[in-house]
Amino acid sequence: MTANGEYVSIDDLVNKGEEKYRYLIENTNDIVYITNEKGIILYISPQIKRYGFDPGDMINNPFADHIHPEDLEKIIADFQKAMMEKNAHPSEFRLYDSEGNVHWIENYPHFQSDENGNSRGLIGVLRDVTKQRIAEDELKKYRTRLEELVELRTSELEKANEQLKKEIIEKEHAEERLKKSEKQMSGLFNVAPIGIGIARDRIILDANEEVSRIFGYLKEDIIGKNTRMFYPSEDIYRMVGEEVNAVTKEKRTGGVETRLMRKDGRIIDISMKFALLDPEEPSRGIIYTVQDISGLKNYEKAIEEKEAKIRSVFFAIPIGIGVVWDRVFRDVNDKMCELVGYSREEILGVNTRFLYPTAEEYYRVGTILSGLVEKRETFEAQAKWKRKDGEIIDVAFTFALIDPNNPQTGITFTVNDITEKLLADEKICNLTQFQQTVIENADIWLNVINENAEVVIWNNAAEKISGYSREEVIGTTKVWDLLYPEKEYRDEVFAEAKDILEKGKRVAGLETTITRKDGEERIISWNSRNLINEHREVIGSIAIGNDVTQMKEAEKVQKTYFHFLQELIDAIPLPVFYKNKDGIYLGCNKSFEEFIGIKKEELVGKTVFDLCPEDLAPKYYEKDNELFENGQIQIYESWCESIDGSRRRVVFNKSLFTDLNGDKAGLVGAIFDITEIKETEEILRKYSKELENSNELKDIFTDILSHDLLNHATVIDGYTYLLISEEEDDDKLMKLEKIDATNKKLIELIECVATFAKLESTDEIEFEPRDIAEIMNENRSQFEYQAAQKKMNIVLEAKGKYPALVNPMIEEVFANLISNAVKYSPENENIKIDVKDQDEYWKVTVTDSGEGIAVEDRDMIFDRFKRADGNCKIKGSGLGLAIVRRIIDLHGGEVGVEDNPEGTGSVFWVTLKKA
């Protein structure tokens with residue numbers, strides 16, 4: 001029917017010069033037919049041959065002869081109704097082909113009438129929907145299965161959602177604890193009594209106020225500066241740097257004692273400790289501590305000097321002196337060796353029995369020593385000894401406990417040969433003179449008071465420590481007022497002195513705080529006892545004082561440091577514990593107490609065999625021994641059981657620590673709870689399996705896209721075509737043409753997406769040798785009509801044969817490239833196709849004369865849904881070239897685009913392996 005409603009046949013249209021209508025009908029995939037009012041076929045398009053029918057044999061015969069018997073009655077009734085009502089409706093029936101196969105056919109008829117309105121029959125379109133019907137049946141099955149999967153998945157997701165809510169709550173709690181821990185750490189960092197800082201590449205990133213105080217700088221003066229500013233020499237800077245590098249490389253703690261320089265130029269002794277800020281990421285830098293140990297060093301030096309002086313006195317004193325423990329010689333001086341005629345090597349470590357001529361004499365002196373230990377008083381005794389040369393001599397002893405509060409430390413004694421009285425008197429005289437010299441030159445405070453509490457002896461050390469000269473104190477009792485200006489405290493100290501004088505009380509280690517003459521306070525540790533004359537009468541008391549001020553300050557710093565370390569460990573959110581080398585627990589942090597459910601007091605002194613289950617304790621013990629044997633850092637997974645019997649999956653991270661001599665002293669360990677991580681891994685494995693199943697849903701979606709959606713879009717295309725052919729109103733015709741263009745675009749998009757989805761899921765394809773020129777020529781013929789519309793030719797310049805290994809899908813590549821060239825080239829321009837030899841490949845080129853592709857867009861245009869910018873108004877899905885790339889990738893070739901060397905436009909090319 002023409003636009004003015006006139007009925008025409010196909011031949012009429014051709015006779016009237018409308019050959020293009022025949023071309024459209026005969027080149028569509030659908031079957032076009034025309035019947036008269038009695039259902040006799042007047043025309044049917046050649047596509048009916050696909051079912052084994054000859055169009056010539058069908059013309060002038062009833063259409064009903066070819067319809068399935070079960071559908072025949074209904075189709076005849078529909079036809080008669082259409083003739084009566086002059087309005088035909090779409091229908092669906094089955095059609096037998098020449099081999100007896102059944103095809104489902106969709107019929108889209110249109111009623112025809114003559115100029116008087118009388119029925120002339122139908123013109124319609126037949127479409128084979130057998131595959132859609134099969135797909136619909138399969139889809140029903142998929143939908144049923146999908147509903148079951150959705151129901152199952154919904155149940156699993158609800159459970160997973162509940163678990164996720166719990167995990168979120170736990171994570172929020174963990175984050176709160178972490179923030180609290182970080183706040184505590186920050187507070188500890190700022191108030192720590194030792195210098196703490198952070199450095200990276202020896203550049204100071206942060207430091208607390210104590211660091212500034214130690215070195216005399218403001219905090220802002222040192223942040224961001226190199227630590228070289230504190231070193232008095234390059235050698236010391238390099239020496240400390242070597243230790244820092246070792247700590248970073250070996251991921252351990254370290255430390256040095258060195259001398260650094262304050263801002264005022266004063267050199268001070270410093271103890272430095274280093275540790276990685278993050279052992280898992282050494283590049284973050286190190287954390288360090290610094291302590292000013294100048295006072296401690298001075299104190300140690302003073303102690304060493306005192307020990308050296310005492311030792312020199314021990315060896316230089318002109319009387320025999322020795323130290324025994326369990327009656328075995330531990331030390332003797334040279335005079336003792338001279339007295340008995342034996343060398344020190346012959347005496348040390350030997351029981352004193354060899355010096356006694358008889359066993360009775362040996363046991364008699366032993367009884368005296370037992371009394372000494374029991375009464376803890378100094379004893380004097382006489383005995384006979386036998387020299388190495390056999391001479392028997394008389395000797396006089398003075399025994400005293402080295403530490404009255406701890407008799408196990410041994411006994412010291414002096415021994416004199418009193419064989420000759422004159423020699424003894426001379427020795428006594430020498431001894432008295434020596435004692436006076438020792439008293440005056442000793443480094444310890446020594447003073448003597450009489451029974452009236454008046455000072456009678458005040459040695460040089462007493463003057464130096466107190467600041468008061470002997471002229472100011474000897475012969476008076478005012479020393480009490482001078483040293484203890486506060487009355488209440490003075491009365492307390494004086495009461496101790498009276499107990500010594502009146503009650504014979506012995507004092508050892510009594511500490512008092514004196515006020516020097518210059519007002520400075522010092523802490524003195526006193527050892528005191530009565531002085532008794534030959535009649536056993538108290539004539540006064542002697543007091544020996546040690547200035548322990550620096551030692552007390554050092555102890556205070558040490559206690560503060562230990563307290564800080566424990567607070568620091570307690571602030572660590574991970575369970576931490578430490579043991580000695582025998583596997584006995586020394587302590588733990590708060591997190592360990594909470595994790596295991598046991599207090600530190602209950603832990604200390606125990607072993608894993610006391611605390612852990614029988615199946616875990618041997619494994620822990622074996623791992624500890626392995627760490628002590630191999631050293632370094634030990635990391636392994638295991639189980640950990642709390643006091644309530646519950647078990648958690650954990651990772652132990654342990655390392656050794658050493659004593660001051662560098663010997664292995666114990667181990668410290670941290671526990672990482674990985675129970676939730678393991679559970680999460682299991683969930684992820686399940687999710688991975690479910691993700692594999694989800695690929696089935698993607699395939700279902702692809703089928704729905706390529707069947708259902710494409711089916712409906714095709715129906716729209718058929719009706720739009722019919723409406724356009726009937727419409728005379730230009731405005732409506734323009735709108736219908738827009739609908740037709742949009743629907744064709746939709747069909748193209750659906751077909752491209754379906755094609756690309758199938759290509760994405762393809763892993764292996766089969767190849768066979770085919771001639772590229774033959775394939776290109778077949779594809780070229782499909783686009784000759786479109787090219788003719790734009791007055792252009794598609795020229796295949798390649799001559800001969802070009803065998804390549806390809807899959808049938810390669811036709812899609814050439815179809816896309818030729819189609820794009822036709823679309824984007826202007827009218828009256830030719831499209832050139834060529835094949836070039838390129839070693840092991842054929843290079844196929846398609847050259848157009850379009851606008852060309854910008855260099856920056858040439859990679860992007862082969863991506864999905866990506867199109868080059870430009871003035872072109874031709875719409876596209878953005879999938880065509882993505883499909884080209886995917887197919888060429890599967891063939892092991894390459895794809896690209898270049899400028900047309902002969903003018904405007906582009907050369908699109910692909911490579912394929914030769915057969």
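Every residue was checked against the ring-ring contact (aromatic ring centres under 6.0 Å, His included) condition with F783, not counting sequence neighbours, and none meets it. Annotation: ring-ring contact (aromatic ring centres under 6.0 Å, His included) contacts of F767 (sequence neighbours excluded): H891. Partners of E894 by salt bridge (Lys or Arg N to Asp or Glu O under 4.0 Å), not counting sequence neighbours: none found. By the ring-ring contact (aromatic ring centres under 6.0 Å, His included) test, Y802 is found to be paired with W842, residues two or more places apart in sequence or in another chain being considered. Checked against side chain to side chain contact (heavy atoms under 4.5 Å, CB included), E811 has the following partners two or more places apart in sequence or in another chain: R770, I775, E778, N779. Partners of D839 by salt bridge (Lys or Arg N to Asp or Glu O under 4.0 Å), not counting sequence neighbours: none found. In terms of the side-chain hydrogen bond (donor to acceptor under 3.5 Å, both in side chains) criterion, N828 has no residue partners (sequence neighbours excluded). Partners of D71 by salt bridge (Lys or Arg N to Asp or Glu O under 4.0 Å), not counting sequence neighbours, listed by chain and number: R94. With sequence neighbours excluded, no residue forms a salt bridge (Lys or Arg N to Asp or Glu O under 4.0 Å) with D771. Take L72 and apply the side chain to side chain contact (heavy atoms under 4.5 Å, CB included) test, not counting sequence neighbours, and it matches A64, I67, I76. Legend: residues meeting side-chain hydrogen bond (donor to acceptor under 3.5 Å, both in side chains) with D899, ordered by chain and number and at least two apart, are R858. Applying the ring-ring contact (aromatic ring centres under 6.0 Å, His included) rule to F63 yields the partners Y33; only residues at least two apart in sequence or on another chain are considered.
Note that CD1 of I772 is 5.0 Å distant from CG of L912, once rounded to the nearest 0.5 Å. Atom CG of N101 and atom OG1 of T130 lie 9.5 Å apart (nearest 0.5 Å). To the nearest 0.5 Å, the span separating NE2 on H66 from CD1 on I44 amounts to 7.5 Å. Taken from CD in E812 to CZ in R886, the straight-line distance is 14.0 Å, to the nearest 0.5 Å. The CZ atom of F111 sits 9.0 Å away from atom CG of N87, with the distance rounded to the nearest 0.5 Å. With values rounded to the nearest 0.5 angstrom, K832 atom NZ is found 13.0 Å from L796 atom CG.
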List the steps, then state whether side chain to side chain contact (heavy atoms under 4.5 Å, CB included) holds for F908 with I861.
CA-CA 12 Å; F908 282 84; I861 61 173; 3.9 Å; yes

Quick one, Q789 with V822, criterion side chain to side chain contact (heavy atoms under 4.5 Å, CB included). Give me CA distance, side-chain angles, the key distance, then yes/no.
CA-CA 10 Å; Q789 296 297 105; V822 173; over 6 Å; no

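Taking 4.5 Å as the limit, some side-chain heavy atom of V846 sits within range of a side-chain heavy atom of I831. Contact annotation: the side chain of W104 never approaches that of I134 to less than 4.5 Å [non-hydrogen atoms, C-beta and beyond]. Contact of the D78 side chain with the K74 side chain is registered, since non-hydrogen atoms from C-beta on lie closer than 4.5 Å. In this structure, the side chains of P55 and K49 come closer than 4.5 Å at one or more pairs of heavy atoms. Between N807 and I887 the shortest side-chain heavy-atom distance does not fall below 4.5 Å. By the 4.5 Å heavy-atom criterion applied to side chains, I40 and T35 are not counted as neighbours. Side-chain contact between M792 and I794 is absent, with no heavy atoms from C-beta onward closer than 4.5 Å. Side chains of I810 and I888 form a contact here, defined as non-hydrogen atoms less than 4.5 Å apart.
Heavy atoms only, all atoms of each residue included: S825 and S849 are closest at OG-N, 3.3 Å. Nearest heavy-atom pair across N793 and N830 is N-OD1, 3.2 Å. Pairing each heavy atom of V907 with each of P901, the nearest pair is CG2-CD, 3.9 Å. Annotation for F79 and N36: closest pair CZ-O, 3.4 Å, computed over non-hydrogen atoms. Heavy-atom minimum distance, P109 versus P90: CD-CA, 3.8 Å. Smallest separation of non-hydrogen atoms from F814 and V910: CE2-CG2, 4.4 Å.
A salt bridge does not link K678 to E682: none of the charged side-chain nitrogens sits closer than 4.0 Å to a carboxylate oxygen.
Just one of K799, K843, E797 meets the side chain to side chain contact (heavy atoms under 4.5 Å, CB included) condition when paired with D834; it is E797. With respect to S906, the side chain to side chain contact (heavy atoms under 4.5 Å, CB included) criterion is satisfied by exactly one of N820, T847, I853: I853. A side chain to side chain contact (heavy atoms under 4.5 Å, CB included) with I833 is found for one member of I818, L817, N777 and no other, namely I818.
Other residues, nucleotides and ligands place no more than 12 heavy atoms under 6.0 Å from the CD atom of E280.
Remark: side-chain polar atoms of K790 are paired, donor with acceptor, to backbone N or O of K823 under 3.5 angstrom.
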